[in-house]
Structure formats: structure tokens, C-alpha cells
Engineer: 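Got a structure here, written out as C-alpha cells. Questions coming.
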Amino acid sequence: MVKVEFYPMDIDYISEENVPKIRLFGKTIDGKRICAIDSKFRPYFWVFAEKNLEKIAKDIKKIKNKEYFVENVEIFDKKFLDVDVRAIKVTFNDPKGFQDIKEKINEIRDISKKEVDISFTRRYLIDKKITPLTLYEIEGELIKNDFDVDYCIEIDKIKQINDDVIANPKILSFDIEVYNPRGKSVKGEEDEIVMIGFYGSDDYKKVITWKKFKTNKKYIEFVNSELELIEKFIDIIKKFKPDYLVGYYTDGFDLPYIKQRASVYKIPLDLGLDNSIIKFSKRRDLITSKITGLIHLDIFKFIRHIVAGSLQTNIYDLNSVTQELLNESKKDIEINGLAKAWDKGDIEEFCEYNLHDAVLTYRLFTNLLPNLEELVKLIGQPIFDICRMTYGQLVEWYLIKRAREFNEITPNRPKYSDIATRVLRTYKGAFVFEPKPGLYENVVMLDYKSLYPSIIVAKNIYLGTLTDDKKNSYESPLLEVDGEERRYYFSYKKEGFIPIILKDLITRRNRIRELLKKEKNPLLKARSYALKTVANASYGYLGFPGARWYSLESAASITAFAREYIQKTIKLAQDKGFEVIYSDTDSITIVLRNKKKEDISRFLKDVNKELPSLMELELENFYPRGIFVSKKSSEKGAKKKYALIDEQGNIKVIGFEAIRSDWSILARTVQRKVLEIILKEGDKEKALKYVKSVIEDIKNKKIPMNELIIQTQLRKSIEEYEQRGPHVAVAEKMLEKDMIVGAGSTIRYIISEGKEKIRDRAKLPEECKSYDADYYVNNQVIPAVSQLFEVLGYKKEELLESKEQSKLGDF
DNA sequence: CCATATCGGGG
DNA sequence: GTGTACGATATGG
């Protein structure tokens, strides 16, 4: 019998002779790798029945199909959506046999199954109250194994010591570069991996490549072939023994690519600590790459799903994200030139680029790790999963974990058909006070702190508290569901499961925020972040058709209460003489005019006196200047669209949608420049002059061709296209010229002059001598800035007037 | 107007 | 994975 303290980091299970074995991979406090095996946990689910519970339990007990059988049945008093129920707990021998057990169970009539869609490993963590990454003590027997771990223990007892996470995890980030003669569309069947860069803890640096050249860079290491490169890749990871192997979009690109190239040489990517090969799972076109026991984290997923909401950028490539989060950029090098440089053997710069990407990824990861760790501790699922979850999944798994503490049975995931009907149901959303479009000075933004969650708590909103009893309940304002006016009632006799949980999240966060005011503690900051993330996503979750705890009634009531509160607040502000220019959901924007900042403080106090429970209105920020744009009324759910500059000169742009990569550089530059001129200098005329000068340049053909290139990717082979867009037409021309194009190729084109359809005027950049000035003015530049200028009081036509007509003089 | 196609991240 | 879940936007017809 041995005792070990360790941090469980990853979990999976295997079935050996129909006995499931949970495997916790982790690290001991003295840095040894360990695999702890628990063979005592069994899969189970719940069965509900209206009547004859005992009889049904007996029938279930007899179930056996192939080598799978029910081990035990037991009747428990449980709750389902806050209602007391009696339910049969059905325990069976092997999770692999679930389908076979289900087949037999389905023969019994008038029953329903619950918690059938909770994976075995996740259930283990929840039931055993095991929080990954925190310190546990296990007692058990050492067992023999051929795993890549220091020891393997069969668990007898396991208990938590504390909730500290592993102090200095070993991190290794990596990035590959691929031979790219056709640009972005690299083909795994033929295009070799030319280099792999690593950056890790203790300033570990390495770039491996198989083209030799003279260099004094010590981190560059040469091998003889791509085959050796891949072998070296495996070798480095095995020797480094990282706790976290991290990358940027490595789920979707690097690892699947390495796998494909490895299969050419028939090398197994046996990186798993149990010597298993890397596994890929695909959901639609979203890939996940998992290595048993070795935690691979694709930081892009976390950024795209969770961090994105708090970022200014709408583009989530490594460069944009590191610029915003780290204030650092990728190395400025034309990656399209890699193939040529490789052929010449002149690739040192690309090695630097490659390493730098790994460095950036490493830094991004270390920045975000505290947030990930706190989410793991809050939700209780492995960091591998947390890193890839969407908002909805974070909320859901937090609820599932808490449900067990409340003796609540978790509702089933909706079936596809349920989702389809839910999608059709509608309710009214947030109140939007359409901004009076314009450029304003001295703007103040106020907002309700966690408005929706605080309403859920204040009004006890939840599927389980929803009632017909109008007496002992909170009454929603008049609201509209499926086009029909009505009210909903939520009992206040007993606090509901979700309101309790949100109250807990909010009060915990408020306490932490108080502490943070006194002391800047990064750990507390991350904790506050985790609490906020889950709390703020809860309303959206209730209205999300795929949610287990979906409740349209709740979602509709929450927005109705919110509309009422915000409208009252606006009214009050106006009564006190403030000029409200804009309001959306939980915020109010005021122009100070002759009022002072102190008047705002007094107003906040007045409002907060009257608010129930945890609800609170607070100051968001002061802004010296701001521009507000209204979306066209035809667009549903008017969205935020404004830009502000704060007292420190930071520009905050909200809602100017992603200018996608299929826009020209020209359009992107013009929009950015115009916003800058307006906010920093407040000079409409100058902005107008700028755009006119650009339009003039376009008409005089002064714009360099590279700024006009539009890029679109071919998603399937050319023959498959029914609708021939401009890029398809260009691809056909490329084929005629024996150029290599196919699914995945990026087609670059410029729209040339002429009277034909746009697609017939799309030309290859190198063949295009003269571009269609009107197209670029009307389809690129004008759409990028027209709304901004409308706001400033100019019509689209005025942008198009020539300099002479508008008498603006020279620019 | 509806229907269909594409993008994202990666090189 | 005890499978079965993207969401927003542009172009063609």
C-alpha cells in the first residue's frame, strides 16, 4: 500500500474484460508522472415511471444483453426541476454496453430514462467530487505497466488535500510550417512539413528543419528528411514531458497535418502516455486532437469561444489576438514566399518566424492559463475539455455538477427534433434605445452589473419555480412570446435551483471584487473572471435551444424585466435633466452637456436605493468623444454599433463587423483611418477629404494592385459548383492555364473594367492591367464607411462628388 | 425576396 | 463518444 499526493490533470477510461477502469493521469507534488486507476466505479442512469416503480425495477434488474448486464437497481428520492420524484438508479457493468442495455430497457413501456447522455469520465469526476488540477491524496497498490509514467497505482482511497493548482507546470508550445507552392491551400498528400518550432518552459527553444544552411542560431537543428523531422517531433515531446502541449489551431491544422504526413512514412504518432496514438474526433468540420494522458490544448478554441467576447478584434488569427492581448506581433514576413525560399535553401528568416509563432502561442497560453485553471476549478471538468467548451457548455457542466449537490437529476439533452421546434419559438429581446446617430463629446456610459443574472436571482426565475399561482409569486411585465401577449409567474415560496446557484456566483464574485479593490491579486482576478463568465452566460443558456435547462418562459421573462428596469432608469435620468443618447440591454449612454461627473454619482446613488436584491447600476466609463451609428431599421434586433475614445486615448470599436479577409486591403484601411480621424481629431471635414482623396486615387488608377486583391477560397472542386461566383470563374481560367487549383485553393482576383457580369470581369492579379474603379468605390470603399458618414451628416452622394464640385480644394 | 455557398483558424 | 450541436454574411437567381 502506498500513499501519494498528486494533481489529476487528465482522465479517460478503458474497458478490460468488461470492467471499466477510470484512469487519472497527473503529476505528483515532486514532479513525477503518475497514472491512478480506479476500477470500482460503474456506469448508471436513472429511470422514471408513473407507476409500478418496484415492478419495473425488478424487470430492469434482469436485463442482460451479450456480455452486458444490469448490476444493480435501487430506488431513490430525488428531485427533477425542483419537484420531488422517486427514481430507479440503474447501474450496469460496462459503459461500452450502454447501447445494448438501452435496447432492452426500451422494451419496457411507460418509462423515461435520465442522465443517459453524461459521459462516464465526466460523471466520475462529478460523483467523486474530483476537481482536476487540484491536489489529492491517494492510497493504493502500485501496479506494473508499460506506460510512459513513473508509477501506476490502483486507487483504494482518494481525497482532496486542497484546491491549489500545480505550481509551475511544464509547458511546450509548437508550430509547423509547410511547403506552400500554391499559397494557403497546402495539400497533406504532397506538401511536406519543412520545419517545426518549439518554445517551452525555462526558455526552451528549438526549430527542426531538413534543409541545411549556415547559421549561428543555436536553436536551429538539422535533420535529413521529413521522416526524421517527424520522428524528432515525437522524440522532443517524449523527452520534454510537458504538462501542457499547446498550439494555435493545432486541433484543426498542425496535428492532423503531422498525422497525415506521418502516415506517408507509416510512423505511428504514439505520443499517448499509454503508448496509444493521437486520436482525432470530428464534429462537422471541427476537429479535436487528443493524446492520452498528455494534455494538448488548442488555445485558439478557448479564444474563439470564450475570450472573443471581451476582445475588440473580430479576427482571431494569431497576429490579431497577440496584438490585442500581449501587444506583440507576428514576424513581418511574407509566408507565401516560403516555398521559393525553401527551394533556394534560404530559410533562416522562416525559422525565426516559426520559433516566434511558438513563442507567441506560449505567452498567450501562460497569460490565459490562470483563467482556464479557475474555470476548471469552478466547473470541475478537465482542462482539455474546458479549453474547448463554448459558453453554453461551461454553464451546462457547471449546472450538472451543482445539480448533484442539490439531489437534482439532470434533464436530458434535447433531441434534434426538440431543438428544431425550439428554434422556431420566438420572444422579445432587449430594449434598445436607438442612438441618435452622431458624433458626441463628453459621453458617459452607465451599466447594470450582471443585469440578467441579477434579475434571475431577484425574481426567482427558473423552470422549476414557474407557476400558475398568481398569488405567491413574482409577476413578469407584460411580454410577448410567439407573437402573443402574456405574463409569467415565478413562485417566491422557495428559491429555485438556478437562482440559488446564480446568487452564489454573484455574491462570491462581489466578495472577490471587494478584495481586489484592496489588493491586486492575479489569482483572485482569474477567479472573478471565471465566476463572471459562467454567471453572464446563464441567461443566454436558458434561451439556447440546445440547452438541457432550456426555458423560453424564463428567458422571455428575464428580458421583459430588464426592459422594464432600463426604461425606468432612462426615464429617471431624463427627469433629472440628463440627455440620454443611447441605451442597449443593460447600459445607458448620456451626454454630459452642462452636467458634471458628480451629478452622475448622485444619480447612481438614487437609482441603486430602489433596486431589489443584488441589482446594481454602475459607472462604466467616461469618454471624451464617441460616434454612434444606427443600423438600418430593416435589420432585426438592432445591434450595437459605435466607437468611443476614452480619456487615455484608447479607441473602443463595437459592432463594426468583421471586415473579412475577402475584403480588399483598401477597404479595411479606409475604414480604420476614418474612425481614427473622427475620434482623435473630431474633424469631419478631414475624414471626408480623406475618403474623397482615396476615391479620387481609385478613379485615377493610383491604387497599387495588391491593395485591390479580393481573396476567396474554393470549398469544393470546380465541377461541383452550381452557383458560379467570381472566384469560381477565375479558378476555371486558372485551370485552362494548367495552374493547380482545386478544393481548398485560395483564389485571388481583381475586378477589371467592363460591362459584363462581375464574375466575367474577375481576373487573376497578375493579368489584370486595369481595375474597375466604380466597383472598388461602390462595393468596397463606400460600404466600409458610408454609415460613418451618414452619421456625420453626409449623404453617400457627397462622398462621390468630385473635389471640384464640393470645392474642397487640394488634399 | 429566398436559396445556396462561404468563412473562420492553419500555410 | 453512454455521438449525432456553428453562426453570420454575401452572392446568384
Side-chain angles (χ1 to χ4, degrees), chain A residues 12-13 15 20 43-45 68 92 94-102 113 115-123 175-188 191-195 247-257 279 281-288 290 298-301 303-305 308 314-321 334-339 350 353-354 357 390 392-393 396 413-416 419-420 423 544-547 635 639 657-663 711-716 720-728 744 746 757-759 779 783:
Chain A
D12 75 348
Y13 85 93
S15 277
Y44 68 87
F45 54 90
Y68 307 110
F92 56 109
D94 183 354
K96 294 267 188 288
F98 176 67
Q99 292 302 330
D100 296 293
I101 300 282
K102 198 167 90 174
K113 303 182 292 298
E115 298 196 1
V116 289
D117 43 18
I118 293 173
S119 81
F120 188 56
T121 53
R122 288 190 179 177
R123 176 184 296 291
D175 178 41
I176 69 170
E177 306 299 334
V178 172
Y179 188 70
N180 59 352
R182 293 170 306 283
K184 198 177 165 145
S185 62
V186 290
K187 288 185 184 157
D191 298 327
E192 292 124 326
I193 300 168
V194 294
M195 59 182 78
Y248 203 83
Y249 205 59
T250 37
D251 259 352
F253 181 72
D254 301 60
L255 286 175
Y257 205 92
K279 290 170 207 67
S281 62
K282 212 169 166 184
R283 199 185 73 191
R284 286 252 182 136
D285 49 351
L286 230 63
I287 308 170
T288 296
K290 188 165 173 63
D298 180 354
I299 198 67
F300 164 72
K301 287 252 172 77
I303 288 168
R304 183 70 256 241
H305 290 149
N314 292 314
I315 300 157
Y316 303 101
D317 59 20
L318 184 60
N319 195 44
S320 313
V321 172
E334 183 50 63
I335 190 65
N336 278 319
L338 173 60
F350 287 93
Y353 168 89
N354 184 214
D357 274 7
T390 60
Q393 290 167 315
E396 189 149 282
R413 219 191 254 153
K415 293 195 295 277
Y416 190 76
I419 293 175
V423 168
F544 164 53
E635 287 179 63
K639 274 185 195 160
E657 54 277 292
I659 303 239
R660 295 169 13 170
S661 64
D662 54 347
W663 283 62
Q711 295 191 35
T712 314
Q713 209 180 50
L714 276 185
R715 297 301 291 235
K716 48 189 185 185
E720 288 176 74
Y721 277 92
E722 283 172 33
Q723 306 229 45
R724 288 171 63 248
H727 65 301
V728 182
T746 300
K757 284 185 170 177
I758 287 175
R759 67 164 169 241
N779 294 46

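Order of the sequence lines fixes the chain letters, A, B, ..., with proteins taken first and strands second; residue numbering starts at 1 for each chain.
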Engineer: Side-chain donor or acceptor of A/Y249 under 3.5 Å from a matching atom on the base of B/dG10?
Structural biologist: no
Engineer: For a quick test of reading the model: is some side-chain N or O of A/R304 closer than 4.0 Å to OP1 or OP2 of C/dG7?
Structural biologist: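 For A/R304, the contact criterion (side-chain N or O under 4.0 Å from OP1 or OP2 of C/dG7) is not met.
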Engineer: I want to verify a distance call: between B/dG10, B/dG11, C/dG12, whose nearest atom is closest to the A/N180 side chain?
Structural biologist: B/dG11
Engineer: So, for A/F92 and A/P95, which heavy atoms are closest and what is the spacing to 0.1 Å?
Structural biologist: CE1-CA, 4.0 Å
Engineer: Among B/dG11, B/dG9, C/dT2, find the nucleotide with the atom closest to the side chain of A/F300.
Structural biologist: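 In terms of side-chain proximity for A/F300, the closest of B/dG11, B/dG9, C/dT2 is B/dG9.
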Engineer: Would you indicate what A/Y179 reaches in the nucleic acid, counting non-hydrogen atoms under 4.0 angstrom: base, sugar-phosphate, or nothing?
Structural biologist: nothing
Engineer: Please find out if less than 6.0 Å separates the ring center of A/F98 from that of A/Y68.
Structural biologist: no
Engineer: Treating A/D251 as the side-chain partner and A/D298 as the backbone partner, does any N or O pair qualify as donor plus acceptor under 3.5 Å?
Structural biologist: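 No, because the side chain of A/D251 does not come within donor-acceptor range (under 3.5 Å) of the backbone of A/D298.
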Engineer: Taking the P atom in each of C/dC6 and B/dG11, what is the distance between them to the nearest angstrom?
Structural biologist: 25 Å
Engineer: Counting side-chain heavy atoms from CB outward, which of C/dT2, B/dG11, B/dG9 is closest to A/V186?
Structural biologist: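 Ranking C/dT2, B/dG11, B/dG9 by closest atom to the A/V186 side chain puts B/dG11 first.
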Engineer: In whole angstrom, what separates A/I176's CD1 from B/dG10's P?
Structural biologist: 12 Å
Engineer: For A/Y257 and B/dG11, give me the distance from atom OH to atom C1', rounded to whole Å.
Structural biologist: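 The answer, rounded to whole Å, is 8 Å.
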Engineer: Measure the distance from OH on A/Y248 to C1' on B/dG10 and round it to the nearest whole Å.
Structural biologist: 10 Å
Engineer: Quick one: A/K301 NZ to B/dG8 P, roughly how many Å, whole number?
Structural biologist: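 Distance check: A/K301 NZ to B/dG8 P gives 17 Å.
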Engineer: Just call it for A/I118: base, sugar-phosphate, or nothing, with non-hydrogen atoms closer than 4.0 Å on any strand.
Structural biologist: base
Engineer: Mind checking if A/V178 touches a base, just sugar-phosphate, or nothing, with heavy atoms under 4.0 Å?
Structural biologist: sugar-phosphate
Engineer: So, is A/S281 near the phosphate of C/dG1, with a side-chain N or O under 4.0 Å from OP1 or OP2?
Structural biologist: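 Result: no.
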Engineer: Rounded off to whole Å, could you give me the CZ-to-P distance for the A/F98 and C/dG3 pair?
Structural biologist: 7 Å
Engineer: Run the side chain to side chain donor-acceptor pair (under 3.5 Å) test against A/D94 and tell me which residues pass, sequence neighbours left out.
Structural biologist: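 Per chain and number, A/D94 pairs via side chain to side chain donor-acceptor pair (under 3.5 Å) with A/S15.
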Engineer: Base, sugar-phosphate alone, or nothing: which one does A/D117 contact when heavy atoms must sit under 4.0 Å apart?
Structural biologist: nothing
Engineer: Out of B/dG11, C/dT2, B/dG10, which nucleotide sits closest to the side chain of A/D317?
Structural biologist: B/dG10
Engineer: Remember a base hit wins even if backbone is also touched, and classify A/D191 as base, sugar-phosphate or nothing at under 4.0 Å, heavy atoms.
Structural biologist: nothing
Engineer: The side chain of A/N336 is closest to which nucleotide in this list: B/dG10, C/dG1, B/dG11?
Structural biologist: B/dG11
Engineer: Side chain to side chain donor-acceptor pair (under 3.5 Å) with A/Y257: which residues, sequence neighbours excluded?
Structural biologist: none
Engineer: How long is the line joining CD1 of A/I315 and C1' of C/dA8, in whole Å?
Structural biologist: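 Computing the A/I315:CD1 to C/dA8:C1' distance gives 15 Å.
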Engineer: Roughly how many Å apart are C/dA5 and C/dG1, using the C1' atom of each and rounding to a whole number?
Structural biologist: 14 Å
Engineer: Is a side-chain donor-acceptor pair under 3.5 Å present for A/N354 with A/D175?
Structural biologist: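 Yes, because at least one side-chain N or O of A/D175 sits under 3.5 Å from a partner of the opposite role on A/N354.
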Engineer: Could you tell me whether A/I101 contacts a base, only the sugar-phosphate backbone, or nothing, with contacts defined as non-hydrogen atoms closer than 4.0 Å?
Structural biologist: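 A/I101: no heavy atom of the nucleic acid under 4.0 Å.
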Engineer: Rounding to a whole Å, what distance do you find between A/K102:NZ and C/dT2:C1'?
Structural biologist: 8 Å
Engineer: What is the distance, rounded to the nearest whole Å, between atom CD1 of A/I419 and atom P of C/dG7?
Structural biologist: 10 Å
Engineer: With a non-hydrogen cut-off below 4.0 angstrom, is A/F120 in contact with a base, only sugar-phosphate, or nothing?
Structural biologist: base
Engineer: Which part of the nucleic acid does A/Y44 contact within heavy-atom distance under 4.0 Å: base, sugar-phosphate only, or nothing?
Structural biologist: base
